[in-house]
Number of protein chains: 2
Amino acid sequence: MARTQGSHSDITGPRIRKAALGLFARHGYAAVSMRQIAAEVGVQAGALYNYTPDKQSLLFHLMHEHMQELLSAYGELTQPENAFEALHQFVRFHIRFHLERPDEVFIAYMELRNLTPENFSEIEALRRKYEDALEAILRKGQGAALFDIADTKVATLAVIAMLNGVMTWYRAGGRLSLDEVEQNYWDMVRRSVSA
Amino acid sequence: MARTQGSHSDITGPRIRKAALGLFARHGYAAVSMRQIAAEVGVQAGALYNYTPDKQSLLFHLMHEHMQELLSAYGELTQPENAFEALHQFVRFHIRFHLERPDEVFIAYMELRNLTPENFSEIEALRRKYEDALEAILRKGQGAALFDIADTKVATLAVIAMLNGVMTWYRAGGRLSLDEVEQNYWDMVRRSVSA
DNA sequence: GTCTATAGCGTGATAGAC
DNA sequence: GTCTATCACGCTATAGAC
């Protein structure tokens, strides 16, 4: 399987990131060595440094790309005028997007402390932008008397935390279908903020 | 500060666990060395092995003790007959207990993958017992028509996930008092499951 | 019970051949 | 672009003096 010689600039890079993604998610950034990543790709450890200046950049790249994709995917949705519908769309989007990327999500939440301070700030800013999108919906619905929320910031974080919980237990092919899961969470989120 | 000789069997053990707790919470189990823990306690690395057979046992001990305390503290509460009141008590207990032990909670959630399979199973069983306590409340309230829940298992995990979210942002002395935080979350939890 | 010293190994990253 | 070889260092855990 693994070639021992030759040029693969176009495919080795993605394969390294994919291997790092899986290993970081499974064992944690600090517990994974560059040699392990190289072995999974089928190259020697030194070859990795043709694609990343260091291990930290590998982690940052994965997290940054994930957050950018999250924001751009959500940004492409057309926002319903009605805040109630907008919240419904957010809930469905959040669950579906995150369940499709378990490794990326896991890393984005668990490995924040292994980023350098500069890298941490950058990722944190992106995460904040996503939270702000939800908070804007809650504020709008509160203004329209659709919602009854004591504190929109707390509610924003509570809703996201509740939705993130689905990652810890949902497995495709389990007792509940994805649609049923979405319906379950939407029922709870809707009622938790409704007037 | 650090003694260089002498006997301290009665105090060094707890100090090691306390140092490990803080370092594991801040930097992660895999990223913390026995030398770092020893330095914080003020002894040499070799001395740690008078108190723990290895690093893994240190982690397991911290997580196991935390889960035991959680279960015993909750078990000491007198359970209200009314499921609505029982849920209210659970929410307040969960928030208060967890906010009092940020390091222990952080480790209990983040370091599960760094446990050996045997140790993982043991911790997981304790966590499951705690979840079962909440699920029993939801089932009881559902039976009494106090709650309207599509799936009690999903609701159990959703409520705990929502409540755990408070750990990521609450800081004593911040904008909201502990009582206000409890009230906010209780409002949301109550409505999310109410008939 | 703590120390010093060290065994045995793994780490991230680099140099130079091909 | 990948290889082999290596540097310089850190790691867990142990041995034996005190």
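Within every chain, numbering begins at 1; the chains are lettered A, B, ... in the order of the sequence lines, protein sequences first and strands thereafter.
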(request) Please name all residues satisfying side-chain hydrogen bond (donor to acceptor under 3.5 Å, both in side chains) with A:Q56, sequence neighbours left out, ordered by chain then number. (result) A:N119

(request) Using the ring-ring contact (aromatic ring centres under 6.0 Å, His included) rule, collect all pairs that involve residues 154-192 of chain B, keeping only residues at least two apart or in two chains. (result) B:F84-B:W186, B:H88-B:W186

(request) Can you tell me which residue pairs pass the ring-ring contact (aromatic ring centres under 6.0 Å, His included) test with a partner in residues 19-45 of chain B, sequence neighbours excluded? (result) B:F24-B:Y29

Distance below 4.0 Å between [X] side-chain N/O and [N] OP1 or OP2:
X     : N      : value
A:S33 : C:dT11 : yes
B:T12 : C:dG1  : no
A:Q44 : D:dT2  : no

(request) Apply side chain to side chain contact (heavy atoms under 4.5 Å, CB included) to the pair A:D148 and A:V193, showing each step before the final yes or no. (result) CA-CA 6 Å; A:D148 176 21; A:V193 300; over 6 Å; no

Report each atom pair, protein N/O against N/O of nucleotides 13-17 of chain D, whose distance is under 3.5 angstrom.
unit_1: D:dA13; atom_1: OP2; unit_2: B:Y49; atom_2: OH; d: 3.0
unit_1: D:dA13; atom_1: OP2; unit_2: B:K55; atom_2: N; d: 3.1

(request) Return the value, rounded to whole Å, for the distance between atom CD1 of B:I37 and atom P of D:dC11. (result) 11 Å

(request) Provide, to the nearest angstrom, the distance between the CZ atom belonging to A:R15 and the P atom belonging to D:dG1. (result) 15 Å

(message) Taking ring pair (Phe, Tyr, Trp, His ring centres under 6.0 Å) as the definition, give me every residue that meets it alongside B:F90, ordered by chain and number, with sequence neighbours left out.
(response) B:Y74, B:H94, B:Y130

(request) For the pair B:F97 and B:H66, name the ring-plane relationship: parallel under 30°, tilted 30 to 60°, perpendicular over 60°. (result) tilted

(request) Taking only heavy atoms on the protein side, list every residue of residues 21-32 of chain A lying under 4.0 Å from any atom of DNA chain C, sorted numerically. (result) A:V32

(request) Indicate whether any N or O donor in one side chain lies under 3.5 Å from an N or O acceptor in the other, for B:R191 and A:S192. (result) no

(message) How long is the straight-line distance from CG of A:L70 back to NZ of A:K129, given to the nearest 0.5 Å?
(response) 11.0 Å

